[in-house]
Enquirer: 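Pasting a structure here, questions to come.
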There are 2 protein chains.
Amino acid sequence: MLMTRKGANLALLLLGGFRQLADAATAELSRRGYPELRPTQEFALRAIAAGATSASELGRRMSISKQAAAKVIALLEARGYLARLDDEADSRRKLLVVTPLGHQAMQAGEAIFDELRSVWAQNIGAEALDQLERNLALLVGDAGVDEDAADWSGLDVQ
Amino acid sequence: MLMTRKGANLALLLLGGFRQLADAATAELSRRGYPELRPTQEFALRAIAAGATSASELGRRMSISKQAAAKVIALLEARGYLARLDDEADSRRKLLVVTPLGHQAMQAGEAIFDELRSVWAQNIGAEALDQLERNLALLVGDAGVDEDAADWSGLDVQ
DNA sequence: TCATAAAGACAACCTAGTTGTCTATCAACA
DNA sequence: TGTTGATAGACAACTAGGTTGTCTTTATGA
């Protein structure tokens with residue numbers, strides 16, 4: 001076996017990179033007073049704040065089923081980051097509203113990820129990191145934009 | 001909100017990249033006759049073939065608990081990719097052996113990931129992809145090498 | 001030989017998804 | 001004005017992939 005430069009290795013590097021950032025962010029969120037908030041949940045919160053104000057819409061924007069979205073919403077509501085109000089315009093819907101605590105958590109999460117990114121920039125150089133992001137955006141972003149999410153700042157996962 | 005070049009976006013790009021490769025690989029593995037094999041399981045198979053011949057050892061190499069490793073092993077065994085033999089040298093251990101079907105699946109998985117990687121190379125250029133990998137390896141690989149896994153070709157996730 | 005460490009089995013639980021079924025509601029159209 | 005079809009969300013059951021904790025069996029080293 002040659003074991004040089006394999007495709008599987010690329011996949012593992014990407015996963016490893018995400019896990020490293022996500023784990024560090026989880027730990028730091030916990031340290032800053034948000035112990036039960038994982039990055040995925042924080043991303044969902046961000047999507048809701050950006051306009052995904054119903055479970056079905058959140059599911060569409062995150063490319064997950066509405067049932068999966070409902071579970072994230074239930075968690076976020078239980079932890080006080082989110083409120084579900086009755087939508088007077090459409091009584092089927094529950095209107096999702098980010099609480100003040102939720103906004104604080106989002107700010108903390110944003111700051112943490114920015115800090116983690118700047119550590120990476122120090123490690124490999126700002127330009128190299130910019131380039132890495134640009135190339136990844138070309139590879140991932142283009143393939144995964146679904147029309148409804150186009151105004152959501154490229155934060156859609158798939 | 002400025003929404004330029006945020007740290008969270010970097011994390012999502014990495015996750016998105018992995019998911020894209022993993023989803024494509026899962027679909028292609030299914031198309032080639034291995035419908036119940038996910039990339040994570042294939043990576044575990046690869047680790048076992050590379051010498052992680054017990055559940056505890058697999059757990060150490062993949063940086064997961066031995067119980068989690070045992071679950072992956074149970075799945076792989078149930079699908080016929082793996083056999084668990086009695087280790088005559090140590091009767092506590094079950095010796096993990098990749099079956100012929102397992103080896104076929106690994107070969108298919110390797111080919112698929114290599115093909116996916118070459119599609120990416122076509123999209124952004126071979127040099128750009130090499131550089132992306134080198135930089136990611138610097139960021140991720142160095143932080144995550146645990147001594148026992150050092151001889152395992154950098155395939156460790158964490 | 002005996003204390004300790006390690007391997008694995010088993011159970012209970014969590015997160016993050018899935019599909020399927022069901023009810024309530026809205027919206028559009030004959 | 002109704003009826004019909006799409007949508008929102010609740011609920012259940014399931015899967016994958018993890019966790020911690022407890023337990024028994026077996027090695028191993030002082």
Side-chain angles (χ1 to χ4, degrees), chain A residues 12 15 18-19 22-23 25-27 29-30 35-45 47-48 52-79 81-82 84-96 148 157-158, chain B residues 12 15 18-19 22-23 25-27 29-30 35-45 47-48 52-79 81-82 84-96 148 157-158:
Chain A
L12 285 171
L15 179 59
F18 172 76
R19 295 237 290 219
D23 290 352
T26 302
L29 274 168
S30 174
E36 288 177 321
L37 190 63
R38 322 200 127 272
T40 313
Q41 297 161 0
E42 201 247 325
F43 295 157
L45 207 55
I48 291 161
T53 52
S54 73
S56 297
E57 181 60 24
L58 180 62
R60 278 190 293 268
R61 295 212 190 181
M62 298 188 74
S63 302
I64 58 177
S65 63
K66 63 179 180 178
Q67 292 86 343
K71 288 196 186 180
V72 180
I73 289 166
L75 281 177
L76 289 171
E77 189 189 16
R79 285 155 170 68
Y81 296 116
L82 205 59
R84 285 163 70 243
L85 312 176
D86 289 328
D87 188 338
E88 75 280 356
D90 184 341
S91 49
R92 292 171 306 176
R93 277 195 170 86
K94 295 289 179 117
L95 197 65
L96 303 178
D148 284 331
V157 171
Q158 183 102 277
Chain B
L12 285 170
L15 178 59
F18 172 76
R19 294 236 291 218
D23 289 352
T26 303
L29 273 168
S30 174
E36 287 178 321
L37 190 63
R38 321 200 128 271
T40 312
Q41 297 162 1
E42 201 247 323
F43 296 156
L45 207 54
I48 292 161
T53 53
S54 72
S56 296
E57 181 59 23
L58 181 63
R60 279 190 291 270
R61 295 212 190 182
M62 298 187 74
S63 302
I64 57 177
S65 62
K66 63 178 179 180
Q67 292 86 343
K71 288 196 185 178
V72 179
I73 289 166
L75 282 177
L76 288 171
E77 189 190 16
R79 284 155 171 68
Y81 296 116
L82 205 59
R84 285 163 71 245
L85 313 175
D86 289 328
D87 187 338
E88 74 280 355
D90 184 341
S91 49
R92 291 172 306 178
R93 275 194 173 85
K94 294 291 180 110
L95 196 65
L96 303 177
D148 284 329
V157 172
Q158 183 97 280

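Here is how names work: the chains are called A, B, and so on, in the same order as the sequence lines, proteins then strands, and each is numbered from 1. All values reported here derive from a predicted model rather than from experimental measurement.
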Enquirer: Heavy atoms, side chains only, cut-off 4.5 Å: are Leu58(B) and Met62(B) in contact?
Expert: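 A side-chain contact exists here, since the closest heavy-atom pair is under 4.5 Å.
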Enquirer: Any idea which of dT19(C), dA16(C), dA10(D) is nearest the Thr40(A) side chain?
Expert: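 Among dT19(C), dA16(C), dA10(D), the one nearest the side chain of Thr40(A) is dA16(C).
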Enquirer: Rounded to whole angstrom units, what separation is found between the CG atom of Asp23(B) and the C1' atom of dG17(C)?
Expert: 12 Å
Enquirer: Using whole Å, report how far CG of Leu15(A) lies from P of dA16(C).
Expert: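 That distance rounds to 15 Å.
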Enquirer: Treating Gln41(A) as the side-chain partner and Arg38(A) as the backbone partner, does any N or O pair qualify as donor plus acceptor under 3.5 Å?
Expert: yes
Enquirer: Heavy atoms only, 4.0 Å cut-off, all strands: where does Ser54(B) land among base, sugar-phosphate and nothing?
Expert: sugar-phosphate
Enquirer: Search all heavy atoms of Ala47(A) against all heavy atoms of Arg61(A) and return the closest pair with its distance.
Expert: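 Where Ala47(A) meets Arg61(A) most closely, the heavy atoms are O-NH1, 4.4 Å.
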Enquirer: Distance check needed: dG8(C) C1' versus Leu95(B) CG, whole Å only.
Expert: 14 Å
Enquirer: Whether Arg19(B) contacts dA16(C) is assessed here as follows: a side-chain N or O lying under 4.0 Å from the phosphate OP1 or OP2. Is that the case?
Expert: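 So the side chain of Arg19(B) is outside the cut-off, no N or O lying under 4.0 Å from OP1 or OP2 of dA16(C).
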Enquirer: Can you measure Ile64(B) atom CD1 to dA7(C) atom C1' for me and round it to whole angstrom units?
Expert: 15 Å
Enquirer: What is the per-nucleotide protein-contact pattern of nucleotides 21-28 of chain C, from the 5' end, where B denotes a base atom under 4.0 Å from a protein heavy atom, S denotes such proximity for sugar-phosphate atoms only, and - denotes neither?
Expert: ---BBS--
Enquirer: Taking the basic N atoms (NZ, or NE/NH1/NH2) and the acidic carboxylate oxygens, is any pair closer than 4.0 Å for Lys94(A) and Asp87(A)?
Expert: no
Enquirer: Could you state the CG-P distance from Asp86(B) to dA27(D), rounded to the nearest angstrom?
Expert: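 One finds 11 Å between P of dA27(D) and CG of Asp86(B), rounded.
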Enquirer: CD1 of Ile73(A) versus P of dA16(C): gap in Å, rounded?
Expert: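 It is 14 Å, rounded to the nearest whole Å.
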Enquirer: Distance-only, no hydrogens or angles: does the Asp90(B) side chain make a donor-acceptor pair with backbone N or O of Arg92(B) under 3.5 Å?
Expert: yes
Enquirer: Using modelled atom types and a 3.5 Å cut-off, is there a donor and acceptor pairing between side-chain atoms of Arg93(B) and backbone atoms of Ser54(B)?
Expert: no
Enquirer: So, is Arg79(B) close to the dA16(D) phosphate, meaning a side-chain N or O under 4.0 Å from OP1 or OP2?
Expert: yes
Enquirer: Ignoring backbone atoms, test whether Ser56(B) places a side-chain nitrogen or oxygen under 4.0 Å from the OP1 or OP2 oxygen of dG8(C).
Expert: yes
Enquirer: Regarding Ala68(B), tell me which of base, sugar-phosphate or nothing describes its non-hydrogen contacts under 4.0 Å with the strands shown.
Expert: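 The residue Ala68(B) makes base contact.
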Enquirer: Heavy atoms only: give me the nearest Leu76(B)-Ala44(B) pair and the separation to one decimal.
Expert: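 Shortest heavy-atom contact: CD1-CB, 4.2 Å.
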Enquirer: Return the nearest nucleotide to the side chain of Lys71(A); candidates are dT19(D), dG9(D), dG17(C).
Expert: dG17(C)
Enquirer: If you look at every strand shown and take non-hydrogen atoms under 4.0 Å, does Glu36(B) touch a base, only sugar-phosphate, or nothing?
Expert: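 The answer is nothing, as Glu36(B) stays clear of every strand by at least 4.0 Å.
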Enquirer: Hey, is the side chain of Gln41(A) poking within less than 4.0 Å of OP1 or OP2 on dT15(C), counting only N and O atoms?
Expert: no
Enquirer: Ignoring backbone atoms, test whether Arg93(B) places a side-chain nitrogen or oxygen under 4.0 Å from the OP1 or OP2 oxygen of dA9(C).
Expert: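 So the side chain of Arg93(B) is outside the cut-off, no N or O lying under 4.0 Å from OP1 or OP2 of dA9(C).
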Enquirer: If I take atom CG in residue Leu76(B) and atom C1' in nucleotide dT15(D), what distance separates them, rounded to the nearest angstrom?
Expert: 15 Å
Enquirer: Of the nucleotides dG8(C), dG17(C), dT15(C), which one has an atom closest to the side chain of Arg38(A)?
Expert: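 Between dG8(C), dG17(C), dT15(C), the one nearest the side chain of Arg38(A) would be dT15(C).
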Enquirer: Starting the side chain at C-beta, find the nucleotide from dA10(D), dA9(C), dG17(C) nearest to Val72(A).
Expert: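 Selected nucleotide (nearest to the side chain): dG17(C).
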Enquirer: Nearest whole angstrom, please: distance from the P of dG17(C) to the CG of Leu58(A).
Expert: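 Whole-Å distance recorded here is 10 Å.
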Enquirer: Could you check whether any side-chain N or O of Ser30(B) sits under 3.5 Å from a backbone N or O of Thr26(B), counting only pairs where one atom can act as donor and the other as acceptor?
Expert: no
